[in-house]
Number of protein chains: 2
Amino acid sequence: MKGIRQLAEHLNISIGTVSRALNGKPDVNQETRRRVLAAAEELGYVANQSGRSLRQGETKVIGLMIESSKETVENADNFFLGVTSGLQSVFARHKLDLIMLPCPSDEDPHEYLKRMVARRIVDAMIISDTQRVDRRIDFLSRAKIPFVALGRSLSASNFPWIDLDFEGVADHAVERLIALGHRRIAITAPSSEANLGYLFIDSYRRALERHDIAFDSSLVIRVRSSEEGGYQAAHELLLLEERPTAVILIYELMAIGLYRRLMESGVMPGRDLAVIGFRDAPRARFLQPSLSCFRISLYDLGAALGRMLLANMPIYREFYPGDGGNIIWPLELMAGESDAFRVGVMA
Amino acid sequence: MKGIRQLAEHLNISIGTVSRALNGKPDVNQETRRRVLAAAEELGYVANQSGRSLRQGETKVIGLMIESSKETVENADNFFLGVTSGLQSVFARHKLDLIMLPCPSDEDPHEYLKRMVARRIVDAMIISDTQRVDRRIDFLSRAKIPFVALGRSLSASNFPWIDLDFEGVADHAVERLIALGHRRIAITAPSSEANLGYLFIDSYRRALERHDIAFDSSLVIRVRSSEEGGYQAAHELLLLEERPTAVILIYELMAIGLYRRLMESGVMPGRDLAVIGFRDAPRARFLQPSLSCFRISLYDLGAALGRMLLANMPIYREFYPGDGGNIIWPLELMAGESDAFRVGVMA
DNA sequence: CCTACAGTCGTAAACGTTTACGGAGTGCGT
DNA sequence: ACGCACTCCGTAAACGTTTACGACTGTAGG
């Protein structure tokens, strides 16, 4: 089966009518439409995407750009696959397909994005891992490519994004720990330029000051957000002269390494040191003692991203009237055993 | 910047010449080519992929199909991101782009594949998670779409694939454990139809028989290949009347749950029960005691897949003369502490 | 009987490329 | 002066769709 022309010849109908029948246009006889659909099914005809895209200037494909930097590969922990399901649940309603565009680690993400967009293989883009200043956002805005970002950025004043509620998490974590009697609370921050670090630490600082606890920069541990980073964070914590009684992890995977290093020194998490993590990943779920951490439904997040994207595309806007604005995505604390003690009582 | 026509007008050159200049065709003046390339760079022109694909019937895009079933989402553990890097390292040489095609969990993988292929958004396919009988393989063969599979299958007698050396791993693990004095060795098998389970168990059985140890089907634990599955596997092991002294895990992530359940019953992995895993994932790296497991370089695997695919595409075949055949991918044992004891000596 | 109109369908142009073909110009040998 | 080879470039067709436009029916209303 080659193209629509062969299908039309096989039916003794003009190619225009066949196209209209397949695309559900109104001016075609019911009986004709039935025959066309049946023949298409039988011969396994599917429209050639190149021809269609060329004609109508759209591809019905949405791209999800993911960066395959070494750090992402080690840490992503199915984050993207999880989000993908949610996205697809929304896109399926409009016969849109989702493809993932993995940016090679040796290529500049901005250049990669430009290349993909210029080639017109997608109609719209979802970008993640936004940086504090991120040229991709300016580019997409200027080029008028519909997009939505997973993560805030300072690059443009007004663009569609969803971001996790880092500030809420840091705030909640600090309040919770203080309520449990902690006064000396450490926190980890990413070493990269990702935007989340600033918000996270700022909120932590404000929460402390609200309780008249002085901010101590030696308690902000800058390590990679990975298992190894967690190991190193624990190492640095143990070196502090006045050891903190609690630590907040910006990425819960770090808990795995952190636990390990602590136990090597005979420090028991959940008894000698309270630990709270952020953004639960499947692999941290089995820690012992179980980790208190802030969870997120990747599926729901993906669906929200999808709706917001479509709300920003003229053709689909009408279907998603309320989904235009930005979202700070709330997280829910799953209390575990890793911080279940009061300072001075058990420690 | 719209298309090649605008670029041509801007240069006062015919559109044919511009195209030839950009595509490195021989019959174009050096100076003209230089001007064209400069103008293209300046105006940010990139060829519209739809037009190009339509004309030449190829897209310069390779698709990597991944199934986002629940099990995959929980377990994949960046397996695909790792492989992706290797693939891209090969594809970059030919200006091929890789996209990932996530099959929605509610769609039949075979239908999804057909749809993607019919739409002609990719020139070739990499499929994974091959089943014992897998209609995708017949389809791709018949449709003459170049492809390569990650995983063997019985579906077609001759198609390009790479598969992990399950048999070698099971064999090696059994031999190693027997050398350490073990006689009663349990093994886990997947509950799904994936092909690997059969090979794994078969090889395990043969290795045992080689040492005159009777195959005991109660030692083959069928659970999901996940952390939860590991937990359950341990549970079942503990219920056996004559408890095994060693267990081989088909998926090392299971070790996390397994360890947990064992410790709950006071059974110490690496002292009371030897554990060997398969296909190391980053998240198992931090187990305590460290897990003995068979490693694999995802990058190298991806690169091999890429070469094999190109060797099966007429245009690129010449570049990869030796990469046509199938590969059984060897794995290397990384000895850890989880099986480092002799039966009867320490236990 | 004429007009209007709704329901169908065919025709052809257009989308942005690539490429086969042929033409214009130049240089060279006879 | 002529033919020939070579270099460079323009022309136009083709890829597979979608869709604006108009043509052709049949029917209803006047």
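Lettering follows sequence order; numbering is per chain, from 1.
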Report all interatomic pairs (protein N or O, nucleotide N or O of nucleotides 14-16 of chain D) with separations under 3.5 Å.
residue: D:dA14; atom: N3; partner: B:Arg55; partner atom: NH1; Å: 3.4
residue: D:dC15; atom: O2; partner: B:Arg55; partner atom: N; Å: 3.2
residue: D:dG16; atom: N2; partner: A:Gly51; partner atom: O; Å: 3.1

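Listed by chain and number, the residues in a ring pair (Phe, Tyr, Trp, His ring centres under 6.0 Å) with B:His10 amount to none (sequence neighbours excluded). Under the rule for a salt bridge (charged side-chain N to carboxylate O under 4.0 Å, His left out), the partners of B:Arg119 that lie at least two apart in sequence or sit in another chain are A:Asp97. Applying the salt bridge (charged side-chain N to carboxylate O under 4.0 Å, His left out) test to A:Lys25 and every residue at least two apart in sequence or in another chain returns nothing. Under the ring pair (Phe, Tyr, Trp, His ring centres under 6.0 Å) criterion, B:Phe91 pairs with no residue, sequence neighbours left out. In this structure A:Arg52 satisfies the salt bridge (charged side-chain N to carboxylate O under 4.0 Å, His left out) test with no other residue, sequence neighbours excluded. Scored by the side-chain hydrogen bond (donor to acceptor under 3.5 Å, both in side chains) test, B:Asp300 finds B:Ser297 as partners (sequence neighbours excluded). Under the salt bridge (charged side-chain N to carboxylate O under 4.0 Å, His left out) criterion, B:Asp108 pairs with B:Arg135, not counting sequence neighbours. With sequence neighbours excluded, no residue forms a ring pair (Phe, Tyr, Trp, His ring centres under 6.0 Å) with B:Tyr299.
Ring geometry for A:Phe319 against A:His94 counts as tilted: the plane angle lies between 30° and 60°, on a 0 to 90° scale.
Around atom CZ of A:Arg5, no more than 12 heavy atoms belonging to other residues, nucleotides or ligands sit under 6.0 Å away.
Contact check on A:Glu107 versus A:Arg115 returns a salt bridge, with a Lys/Arg side-chain nitrogen under 4.0 Å from an Asp/Glu carboxylate oxygen.
Less than 4.0 Å separates DNA chain C from at least one heavy atom of each of the following residues of residues 10-32 of chain B: B:Ile15, B:Gly16, B:Ser19, B:Arg20, B:Asn23, B:Lys25. The stretch residues 91-98 of chain A has no heavy atom under 4.0 Å from DNA chain D, so no residue of it qualifies as close.
A donor and an acceptor atom, one from each side chain of B:Ser50 and B:Ser53, are nowhere located under 3.5 Å apart.
From one end of the helix from C:dC1-D:dG30 to C:dT30-D:dA1 to the other, with five pairs defining each end axis, the axis direction shifts by 60° (rounded to 10°).
Note: CD (B:Glu58) to P (C:dT17) measures 16 Å, nearest angstrom.
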